[in-house]
Every structure is written in C-alpha cells, then in structure tokens.
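Accompanying notes for the structure given below.
A quick note: this is a predicted structure, and the numbers were derived from the prediction, not measured.
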Amino acid sequence: MSLILASSSPFRKELLTKLGLEFSTHAPDINESQQPGETPEQLVHRLSQEKAREVAKTKSGLIIASDQVATLAGGMNSKDKILTKPLTHENGFKQLQQSSGNTVTFLTGLTLLNTNTGNIQTIVETFKVVFKTLTNTQINHYLKKEQPYNCAGSFKSEALGIGLFERLEGDDPNALIGLPLIQLIKMLENEGVDILTS
C-alpha cells in the first residue's frame, strides 16, 4: 500500500524518512482554527483526522497526518492559551520571556487512515519542555542566531534551542519535532506494516 504523509513540514518529512519506508507527501488545505470551547488536546485530535480525511479525497493508501500545538498550561482546558508561531523577533521575545522558568506542554495529534478499509487510528502524544530561567540577553542572542520565527513556542529543539531547557519530559523526543514515531510504528503494525522487516 502507498504511504502518504499529509504534511508540507520539512521536519515531519525528515522524521518519517528515518523509518526507511517509501512515501509521498501531500499537504492538506484545511481550516485550522480552534472551535469555541475546544481544548488544545481536542483541537490537535480533530485536526490530525481532518488532515488525513482531506488527503483521502484525492489519494489512497495509508495516510499519516499530524497536528501540534504548544501551551504554557496542560492543554486540557479550553481557556489554555496556545503558543503560536511568533513570526517576528518581538513576538518570539515575549514568548520566550513567558516560557522562561516555566513548563511548555506540546500536544501532538497523530492519525493513520487506511483508505482501503476506512480504519482510522488517532492518538494525542504529550511532551513537556521545562525551561531554564533565561535572561533577556540570552533570549535576544538565541533569537538572532536561530531565528525560529516559524516555530511554535519560538525555538527549535533539534538545534541551539536545546540550550534553553532544564529538562525534557516525555516518551518520544520525536513528538517534540512534530511526529511521534514510536506511536506511528505501533499504528503501522496494526495495519500489517512492520518497519523492521519492510
């Protein structure tokens, strides 16, 4: 069966490449707005499914879709503020000031849809990042060096951003980058795909 990654993210593509499976990519075009009363956890669960279903309109096979948000709260309350992509230095500075000395929770929705059977599997993986107490000088220098303005939370954990952290808490560090591979491997196994023998 064809394997399709429903994403335009270079980071997710790079992660999936680690598994040594052949796949194509197809970016879904959906409305990613949070609905009234929806928690961040419910949001990523819904959006990962919607992305998979959108791609299934034109592609067939096993469709992998993922959606991620970051929050300074636990993500289980509809009032938990989501950390968006900062886009500017000023916004990135404010975000990292807020995160300094605090814990940021990343919630990643992961869906695997089999278009042949209609079987759909979805999970939400939680990963926590505990930040050091940062000075304004450290934040400014980091943002100028890395320019993570297109990254939720204003950092890239796979690069210099690792220097911002006290510790990481979670089952799969790949979840932080946007694709929980351990859970994905289990889902693929449920569909008869063993990455170790494929």
**Residues R167, E169; criterion side-chain contact (heavy atoms from CB on, under 4.5 Å); working and verdict** = CA-CA 7 Å; R167 66 182 183 278; E169 298 174 357; 2.8 Å; yes
**Worked verdict on F106 versus T126 for side-chain contact (heavy atoms from CB on, under 4.5 Å)** = CA-CA 6 Å; F106 281 80; T126 302; over 6 Å; no
**Prompt:** Roughly how far, to the nearest 0.5 Å, is the CG atom of L134 from the CD atom of E166?
**Reply:**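 The CD atom of E166 sits 10.0 Å away from the CG atom of L134.
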**Item:** Interatomic distance, H26 atom NE2 to S2 atom OG [nearest 0.5 angstrom]
**Value:**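 Those atoms lie 13.0 Å apart.
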Are [X] and [Y] linked by a side-chain donor-acceptor pair shorter than 3.5 Å?
X: E191; Y: N119; value: yes
X: N140; Y: T137; value: no
X: T122; Y: T111; value: yes
X: D172; Y: N174; value: yes

**Carboxylate-amine/guanidinium contact K18 E14, below 4.0 Å** =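 A salt bridge is absent here (no side-chain N lies under 4.0 Å from a carboxylate O).
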Kindly say whether [Y] contributes a backbone atom to a donor-acceptor pair with the side chain of [X] at under 3.5 angstrom?
X: E41; Y: M76; value: no
X: Q34; Y: E38; value: yes
X: D80; Y: N77; value: yes
X: K132; Y: G163; value: yes
X: Q183; Y: P180; value: no

**Asked** Excluding sequence neighbours, so at least two apart, what forms side chain to side chain contact (heavy atoms under 4.5 Å, CB included) with T197?
**Response**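 For T197, the residues satisfying side chain to side chain contact (heavy atoms under 4.5 Å, CB included) (neighbours in sequence not counted) are D194.
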**Request:** Could you tell me whether the side chain of S198 reaches within less than 4.5 Å of the side chain of L21, counting heavy atoms only?
**Result:**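 Yes. Closest side-chain heavy atoms under 4.5 Å.
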**Asked** Are side-chain heavy atoms of Q49 and H45 found at a separation under 4.5 Å?
**Response**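 Yes, at least one pair of side-chain atoms sits under 4.5 Å.
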**Steps toward side-chain contact (heavy atoms from CB on, under 4.5 Å) verdict (L184, L19)** = CA-CA 10 Å; L184 176 59; L19 301 187; 4.3 Å; yes
Heavy-atom pair of closest approach, residues [X] and [Y]:
X: A152; Y: K85; value: N-CG, 3.9 Å
X: P86; Y: G92; value: CB-N, 3.5 Å
X: Y149; Y: L143; value: OH-O, 3.3 Å
X: V55; Y: P28; value: CG2-CB, 3.8 Å
X: Y142; Y: L96; value: CD2-CD1, 3.8 Å

**Prompt:** Is the number of heavy atoms from other residues, nucleotides or ligands under 6.0 Å of H141 NE2 greater than 12?
**Reply:**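 Incorrect, the count does not exceed 12.
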**Residues, nucleotides or ligands: over 12 heavy atoms within 6.0 Å of Q35 CD** =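 Correct, the count exceeds 12.
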**Request:** Keeping to residues at least two apart or across chains, list the side-chain hydrogen bond (donor to acceptor under 3.5 Å, both in side chains) pairs with something in residues 95-106.
**Result:**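 Listed once each, the pairs are Q95-S154, Q97-N136, T105-K128.
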**Request:** Would you please indicate if the ring centroids of F155 and F165 are separated by under 6.0 Å?
**Result:**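 Yes, they do, as the ring centres are separated by less than 6.0 Å.
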**Item:** Chi angles and distances behind the side-chain contact (heavy atoms from CB on, under 4.5 Å) call for M1, N114
**Value:** CA-CA 9 Å; M1 281 186 81; N114 183 332; 3.3 Å; yes
For a quick test of your reading: what N or O donor-acceptor pairs under 3.5 Å do the side chains of residues 60-75 make, sequence neighbours left out?
from	atom 1	to	atom 2	distance (Å)
S66	OG	G109	O	3.1
S66	OG	G178	O	2.9
D67	OD1	K51	NZ	2.9
Q68	NE2	T108	OG1	3.0
Q68	NE2	A175	O	2.8
Q68	NE2	L176	O	3.3
T71	OG1	A73	N	3.1
T71	OG1	K81	O	2.8

